[in-house]
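Residue numbers begin at 1 in each chain, while the letters A, B, ... track the order of the sequences.
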Amino acid sequence: MNPAFFDRPAATVAAALIGHGLLVDGIGGIIVETEAYDRTDPASHSFAGPTRRNASMFGPPGHAYVYRSYGLHWCLNLVCETGSAVLLRALQPITGLETMRARRGLDAPRLLCAGPGRLAQALGIDLSHDGLRLDRAPFAWLAPQGPVTVAATTRIGISRGVDAPWRFLVPGSPYLSRPLPRTKPGADPAG
DNA sequence: CACCAGATCTTCT
DNA sequence: GAAGATCTGGTGG
């Protein structure tokens with residue numbers, strides 16, 4: 001992946017990443033769900049300025065930002081323009097299923113990388129990856145294999161910035177952390 | 001399937 | 001002391 005790819009607004013990068021393959025030490029799959037967080041976004045770790053934890057978000061684009069969520073899960077972000085990043089929320093597992101299963105336990109393939117914490121655990125991500133360049137080992141990237149359909153929705157698990165449509169996903173993918181919400185709740189239940 | 005609580009670290013008040 | 005970009009295992013319909 002060219003470092004210039006990440007030197008753009010996080011929402012642009014988050015949408016463009018859908019369909020790309022990501023491998024960490026040869027293990028990974030196809031990105032099916034991302035979220036964007038930027039410097040002016042009250043939901044972003046960078047909103048209140050630099051801290052020890054978010055230092056990588058204020059470093060150069062094309063590096064990893066890894067943080068601990070709720071005290072026990074790791075989450076993997078890709079740093080974009082200064083103070084912005086893309087949170088990887090779900091992959092369709094492709095390679096290294098055995099290793100992912102060993103790291104995660106007895107999960108069905110559908111759940112191995114369905115959520116930022118699960119994804120990081122399946123890929124073996126921890127704080128040692130924070131700040132690493134994304135264009136060299138252990139990271140490797142694969143271009144989309146064919147046409148990619150991308151939908152944008154509001155983000156998950158936040159209490160501020162809830163209206164920004166900065167969650168990007170493959171509609172109907174069984175590997176999402178949560179399915180695409182219905183645009184008209186209650187309508188057309190026969191679907 | 002819905003709801004609830006527990007685990008446990010970083011930041012902010 | 002409280003909240004947070006989460007996941008798991010329990011209970012109840």
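dA2(B) and dA5(C) have their P atoms separated by 23 Å, with the value rounded to a whole Å.
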Pairs of donor and acceptor atoms involving the side chains of residues 110-131 of chain A, under 3.5 Å and at least two apart or interchain, shall be tabulated with distances.
residue : atom : partner : partner atom : Å
R110(A) : NH1  : P174(A) : O            : 2.5
R118(A) : NH1  : A114(A) : O            : 2.9
Q121(A) : OE1  : R104(A) : NH1          : 2.6
Q121(A) : NE2  : R103(A) : O            : 3.2
D126(A) : OD1  : S128(A) : N            : 2.8
D126(A) : OD1  : S128(A) : OG           : 2.6
H129(A) : ND1  : D126(A) : N            : 3.2
H129(A) : ND1  : D126(A) : O            : 3.4
D130(A) : OD1  : S56(A)  : OG           : 3.0
D130(A) : OD1  : V66(A)  : N            : 3.0
D130(A) : OD2  : S56(A)  : OG           : 3.4

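P93(A) and M100(A) get closest at one heavy-atom pair: CB-SD, 4.0 Å. Closest heavy-atom contact between V148(A) and I18(A): CG1-O, 3.6 Å. Contact record, P171(A) with L180(A): CB-CD2, 3.9 Å, taken as the closest heavy-atom pair.
Residues from residues 46-61 of chain A with heavy atoms under 4.0 angstrom of DNA chain C, sorted by number: M57(A). Within residues 115-127 of chain A, the residues that have a heavy atom under 4.0 Å from DNA chain C are, in order of number, G115(A), P116(A), G117(A), R118(A). A heavy-atom distance below 4.0 Å to DNA chain C is reached by these residues of residues 75-88 of chain A, ordered by number: N77(A), L87(A).
With sequence neighbours excluded, the residues that form a ring-ring contact (aromatic ring centres under 6.0 Å, His included) with Y67(A) are H45(A), Y65(A). Qualifying ring-ring contact (aromatic ring centres under 6.0 Å, His included) partners for H63(A), counting only residues two or more places apart in sequence or in other chains: none. F168(A) is linked by a ring-ring contact (aromatic ring centres under 6.0 Å, His included) to nothing, counting only residues two or more places apart in sequence or in another chain.
Under a 3.5 Å cut-off, the side chain of N54(A) and the backbone N or O of G49(A) do form a donor-acceptor pair. For D38(A) (side chain) and D41(A) (main-chain N/O), a donor-acceptor pair under 3.5 Å exists by modelled atom type. Looking at R89(A), its side chain never comes within 3.5 Å of a backbone N or O of I31(A) through a donor-acceptor pair. Looking at T95(A), its side chain does come within 3.5 Å of a backbone N or O of G26(A) through a donor-acceptor pair.
For the residue pair S46(A) and R39(A), no side-chain donor N or O sits within less than 3.5 Å of a side-chain acceptor on the partner.
Residue R104(A) is in sugar-phosphate contact alone, with no base atom involved, counting any heavy-atom pair closer than 4.0 Å across all strands shown. If you check every strand for non-hydrogen atoms under 4.0 Å, S159(A) touches sugar and phosphate atoms only.
Two different hydrophobic clusters hold L142(A) and V24(A) under the rule that ILVMFWY side chains link at heavy-atom gaps under 4.5 Å. Linking ILVMFWY residues whenever their side-chain heavy atoms come closer than 4.5 Å, directly or via other members, leaves L91(A) and L87(A) in distinct clusters.
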Secondary-structure notation, DNA chain B, from Watson-Crick and G-U pairs under 3.5 angstrom (| other strand): |||||||.||||.
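Protein chain A contacts DNA chain B from dA7(B) to dC12(B), reading 5' to 3' and using non-hydrogen atoms of the protein with a distance under 4.0 Å. The span of DNA chain C lying next to chain A, judged by atoms under 4.0 Å from heavy atoms, is bounded 5' to 3' by dG4(C) to dT8(C).
Among pairs with a residue in residues 157-170 of chain A, those fulfilling side chain to side chain donor-acceptor pair (under 3.5 Å) read E33(A)-R167(A), at least two apart in sequence or across chains. Listed by first then second residue, pairs satisfying ring pair (Phe, Tyr, Trp, His ring centres under 6.0 Å) with a partner in residues 7-30 of chain A read F5(A)-H20(A), not counting sequence neighbours.
With F6(A) as reference, L134(A) is the one residue of V79(A), T12(A), L134(A) to meet the side-chain contact (heavy atoms from CB on, under 4.5 Å) rule.
Between N77(A) and M57(A), the closest side-chain pair of non-hydrogen atoms is not below 4.5 Å.
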